[in-house]
Amino acid sequence: MPEFVILFHEMPPQSDRASHWDLMLLDGDKLLTWALENEPSIGNTTAGRQLPDHDLRFLTFEGKLSGDRGCVRRTKAGIFEWTTEYDEDGWEIRMFFADSIWTLRASRTNDQWFAFVFS
């Protein structure tokens, strides 16, 4: 099964972007990536914005980012399976952790934003 990671991305104080959580899903040789406004947790709904695909090294990377882009820390990781086929307008996955299984539903709300529901 493919892997996923959730990173807390702490932005530097001078950044025009707020700190956020990066959700990354392995898709072949890239990571599909979304910046989530709130920490993922069961029963949580949060907004997220799709980012450009990321390099596979972020599956295991933690630490300071180049170019004064802050630092990242892994908060969750595991494997997942698609329960609905990936589509730019929405999708659903089942996420497997060591001690639990979550379902994540994502649906597009406009050109850039998605609603993410964790259950």
Side-chain angles (χ1 to χ4, degrees):
M1 280 199 231
E3 298 175 67
F4 75 89
V5 66
I6 299 171
L7 303 173
F8 178 65
H9 187 167
E10 186 173 356
M11 300 300 290
Q14 70 277 12
S15 177
D16 59 348
R17 291 181 58 201
S19 295
H20 57 274
W21 286 261
D22 289 325
L23 169 67
M24 299 178 171
L25 305 176
L26 181 61
D27 183 43
D29 61 351
K30 64 185 180 248
L31 291 172
L32 302 172
T33 304
W34 293 265
L36 307 180
E37 289 185 347
N38 299 301
E39 182 174 12
S41 63
I42 292 290
N44 181 17
T45 298
T46 188
R49 179 172 64 86
Q50 190 158 15
L51 301 175
D53 297 338
H54 280 56
D55 187 272
L56 294 181
R57 69 186 173 100
F58 286 102
L59 277 174
T60 57
F61 180 82
E62 287 187 288
K64 188 174 180 179
L65 299 168
S66 63
D68 199 28
R69 294 178 295 144
C71 61
V72 294
R73 176 178 43 86
R74 289 166 55 106
T75 61
K76 298 205 178 301
I79 57 175
F80 75 94
E81 66 181 1
W82 297 103
T83 54
T84 64
E85 190 170 322
Y86 175 78
D87 182 290
E88 291 182 359
D89 291 325
W91 41 268
E92 182 177 287
I93 61 172
R94 188 171 297 121
M95 305 166 82
F96 298 90
F97 301 92
D99 60 348
S100 62
I101 300 172
W102 293 7
T103 297
L104 168 58
R105 284 181 299 284
S107 56
R108 186 176 293 279
T109 58
N110 64 37
D111 285 345
Q112 291 186 316
W113 294 93
F114 283 78
F116 290 86
V117 179
F118 294 87
S119 59

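Throughout, numbering of the chain's residues begins at 1 and tracks the sequence.
- Looking only at distances, no side-chain donor or acceptor of Thr45 sits under 3.5 Å from a matching main-chain atom of Val117.
- The closest donor-acceptor contact from the side chain of Asn44 to the backbone of Glu39 lies under 3.5 Å.
- For the ring pair (Phe, Tyr, Trp, His ring centres under 6.0 Å) test with Trp102, the passing option among Phe80, Phe4, Phe118 is Phe118; the others fail.
- One distance of note links OG1 of Thr33 with CG of Leu25; it measures 8.0 Å at 0.5 Å rounding.
- Under the 30°/60° scheme for interplanar angles, the aromatic rings of Trp91 and Trp82 are found to stand perpendicular.
- Remark: Glu10 CD is loosely packed, at most 12 non-hydrogen atoms of other residues, nucleotides or ligands lying under 6.0 Å away.
- Between atom CD of residue Gln50 and atom CD of residue Gln112 there is a gap of 10.5 Å, rounded to the nearest 0.5 Å.
- In terms of modelled atom types and a separation under 3.5 Å, the side chain of Thr109 and the main chain of Ala115 share no donor-acceptor contact.
- Interatomic distance, Asp53 CG to Asp29 CG, rounded to the nearest 0.5 Å: 9.0 Å.
- With a 4.5 Å cut-off on side-chain heavy atoms, Ile6 and Leu36 do not count as touching.
- Listed here is the closest heavy atom pair of Ala77 and Phe97: O-CD2, 4.0 Å.
- Side-chain N or O atoms of Thr46 include none that pairs as donor or acceptor with a backbone N or O of Phe116 at under 3.5 Å.
- Nearest heavy atoms, Cys71 versus Lys64: CB-CA, 3.8 Å.
- The same ILVMFWY cluster, assembled from side-chain heavy atoms under 4.5 Å apart, contains both Val5 and Leu65.
- Summarising the geometry of Leu51 relative to Ala35, their closest heavy-atom pair is CD1-CB, 3.9 Å, with the distance given to 0.1 Å.
- Looking only at side-chain heavy atoms (C-beta outward), Met95 and Leu23 come within less than 4.5 Å of each other.
- Ile79 belongs to a hydrophobic cluster with Met1, Phe96, Ile101, counting contacts under 4.5 Å between side-chain heavy atoms of Ile, Leu, Val, Met, Phe, Trp and Tyr, direct or through other members.
- Note: Arg108 CZ to Asn110 CG = 8.0 Å, rounded to the nearest 0.5 Å.
- Distance check: Ser119 OG to Ile42 CD1 gives 6.0 Å after rounding to the nearest 0.5 Å.
- In this structure, the side chain of Glu62 engages the main chain of Arg74 through a donor-acceptor pair within 3.5 Å.
- Put simply, Trp34 and Trp21 are part of the same group of oily side chains (I, L, V, M, F, W, Y) that touch within less than 4.5 Å, one to the next.
- With hydrophobic clusters built from ILVMFWY side chains whose heavy atoms lie under 4.5 angstrom apart, Leu104 shares a cluster with Leu32.
- Side-chain atoms of Phe61 and Val72, non-hydrogen and from C-beta on, do get closer than 4.5 Å to each other.
- Between His20 and Met11 there is a side-chain heavy-atom pair separated by less than 4.5 Å.
- At least one side-chain heavy atom of Glu92 sits under 4.5 Å from a side-chain heavy atom of Thr103.
- The backbone N or O of Arg69 lies less than 3.5 Å from a partner atom in the side chain of His9, making a donor-acceptor pair.
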